[in-house]
Amino acid sequence: MTATGERRDPAYGVPTDNRQSAPITAVQTESRMPAEEELFASRQMLQLVLDCIPQRVFWKDRSSRYLGCSRLCARDAGLADPAEIVGKDDFDLPWKALADAYRVDDRQVMSDNKPKINFEESILYPDGSRRWIRTSKVPLHDRQGRVIGIMGTYEDITDQKRSEEQLRQSLAELERSNRDLERFAYVASHDLQEPLRMVSSYLQLLARRYLDKLDKDADAFIGYAVDGATRMQRLIEDLLAYARAGTRGNPFLPVNCNLIVARNLKSLGPLIDETGAVVTYDDLPTVMADEYQLAQVFQNLIINGIKFRTNQPPKVHVRADFDDDAKEWRFAVRDNGIGIALEYHRRIFDMFQRLHNREKYPGTGIGLAISERIVSRHGGRIWVESIPGDGSIFYFTIPDRRHAQ
Ligand code: ADP
């Protein structure tokens, strides 16, 4: 008897005459079979079940000799019939190089009288192929509850391991190429700044010195060139800011958002005066953030709120709410501007995506991409809700890190 009082077949350690056991009662006939017949039928049923499942199953005696196995396990061992494994041990089988280790495992399971579940190992077969398997072993008991061997199951997880390895390699490759790309964007935009500054300042010199001294066409050409160089400079500055947002961040420290928005409004003073904008904000929280980067996000959103205005004076309002479930602050920058059609709500966060021509609304199309990068570096999200003609609300979240600590 086992601790639970059920009877077990000594060779298998599986229930024999416990009538609640499903596989065995299934083969009982109306008139009682002789005990030997019944045992035979049970064994046959057990073997059938084991042969039908993808898991390999085997069972061994106390000295790690095989007492039986499922058909797939026999096939792994190079045997045509499961019966051929009886009496063999791991030294007789293709995985003999691991036989000592298997014996140690078997002994441990038997002496601890405890299962050993889901351990993974790789096996080198004599044909040179290597396979990964995941194994579990449990102790087998006789009627008195004494340990008489072990039963094990294993499955071939080589394909899964290969996929995991491929995924790991692809991720490492992706990370490396992202790093390369960022370094390239940084170096290119940084190093381009100097020659461009030179082109731009000489063009401005030309414009100052020769405007009205040459003919009308020449004046126009110089004007175009100055304009192009200025635009390129702005583009390169934004590209550099984009590259920096991913890699050159400062550590997160407590940042009082009231202070950074107030500072932004001060530096935007000329734009606010020129457009007659009214920018207001509620009491804002202190969050753990990279102060310089967070100020950039507020600044981009406030400038856009003023820039994409209708013929009404622009109104921009900044507020923040705490989401108690997500434990994050949700900031909202609302404007009364031209709004954005639904199909562009996602696309505007991609690089260089602009919905209007430069003459009407100047810009590089990088501001929102930088903002998204910064917000995601902080573990948050950014999105817009807007109806054309009815203004926009840009939302972004910053996790409450102080809460988490
Ligand atoms: P930029 O402002 O330099 O064009 P952004 O990346 O900041 O680049 O914005 C991308 C595009 O999203 C803008 O060109 C504009 O079409 C749209 N957009 C951004 N903010 C607003 C807003 N507040 N109202 C309407 N459209 C906006």
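The figures here come from the full heavy-atom set of this structure, side chains too, leaving out hydrogens, waters and symmetry mates. Each ligand, and each atom within it, is numbered from 1 in the order the structure gives. Because the structure is a prediction, the values reported are computed rather than measured.
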From [X] atom [atom1] to [Y] atom [atom2], the distance as rounded to the nearest 0.5 Å:
X: R354; Y: I348; atom1: CZ; atom2: CD1; result: 11.5 Å
X: Y210; Y: D219; atom1: OH; atom2: CG; result: 13.0 Å
X: I85; Y: K88; atom1: CD1; atom2: NZ; result: 8.0 Å

Heavy-atom nearest neighbour in the protein, as seen from [atom], with distance rounded to 0.1 Å:
atom: atom 11 (C) of ligand 1; answer: Q353 O, 3.4 Å
atom: atom 15 (C) of ligand 1; answer: F308 CZ, 3.4 Å
atom: atom 17 (C) of ligand 1; answer: I348 CG2, 3.9 Å
atom: atom 23 (N) of ligand 1; answer: D335 OD2, 2.8 Å
atom: atom 5 (P) of ligand 1; answer: L368 N, 3.6 Å
atom: atom 7 (O) of ligand 1; answer: N304 ND2, 2.8 Å

Distance only, no hydrogens: is a donor on one side chain within 3.5 Å (strictly under) of an acceptor on the other, for D92 and Y66?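 Y66 and D92 do not have a side-chain donor-acceptor pair below 3.5 Å.
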Say whether [X], considering both its backbone and side-chain N or O atoms, lies within less than 3.5 Å of an N or O atom on ligand 1.
X: L355; value: yes
X: G339; value: no
X: A369; value: no
X: I338; value: no

Under a 4.0 angstrom heavy-atom cut-off, which atoms of ligand 1 come close to [X]?
X: K307; result: 1 (P), 2 (O), 3 (O)
X: F394; result: 20 (N), 21 (C), 22 (C), 23 (N)
X: S392; result: 24 (N)
X: I366; result: 6 (O), 8 (O)

Take D61 and R65 through the test salt bridge (Lys or Arg N to Asp or Glu O under 4.0 Å) and record every step on the way to the result. CA-CA 5 Å; D61 66 12; R65 289 201 172 275; 5.6 Å; no
Can you check whether F298 and F396 have ring centres sitting under 6.0 Å from each other?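 They qualify: ring centres under 6.0 Å apart.
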Taking side chain as C-beta onward, heavy atoms only, is [X] less than 4.5 Å from [Y]?
X: I272; Y: I306; result: yes
X: Q160; Y: E155; result: no
X: L265; Y: I302; result: yes

Any idea which part of [X] is under 4.0 Å from ligand 1, heavy-atom wise: side chain, backbone, both or neither?
X: I340; result: side chain
X: F349; result: neither
X: I303; result: neither

The one among M351, R347, R354 that brings a heavy atom closest to atom 4 (O) of ligand 1: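 Ranked by closest heavy atom to atom 4 (O) of ligand 1, first place is R354.
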Can you tell which of G305, G365, S371, P314 gets a heavy atom nearest to atom 1 (P) of ligand 1?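 Result: the heavy atom closest to atom 1 (P) of ligand 1 is in G365.
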Any Lys/Arg nitrogen of E237 or R234 sitting under 4.0 Å from an Asp/Glu carboxylate oxygen of the other?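 The answer is no: the pair does not qualify as a salt bridge.
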Measure the acute angle between the ring planes of F58 and Y154, then classify it against the limits of 30° and 60° as parallel, tilted or perpendicular.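 Plane angle between 30° and 60°, so tilted.
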Within 6.0 Å of CZ in R62, more than 12 heavy atoms from elsewhere: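 Enclosed: over 12 neighbouring heavy atoms sit under 6.0 Å from CZ of R62.
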Could you check whether any heavy atom of N300 sits closer than 4.0 Å to an atom of ligand 1, since that is the contact criterion I want to use?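 No; N300 lies far enough from ligand 1 that no heavy-atom distance drops under 4.0 Å.
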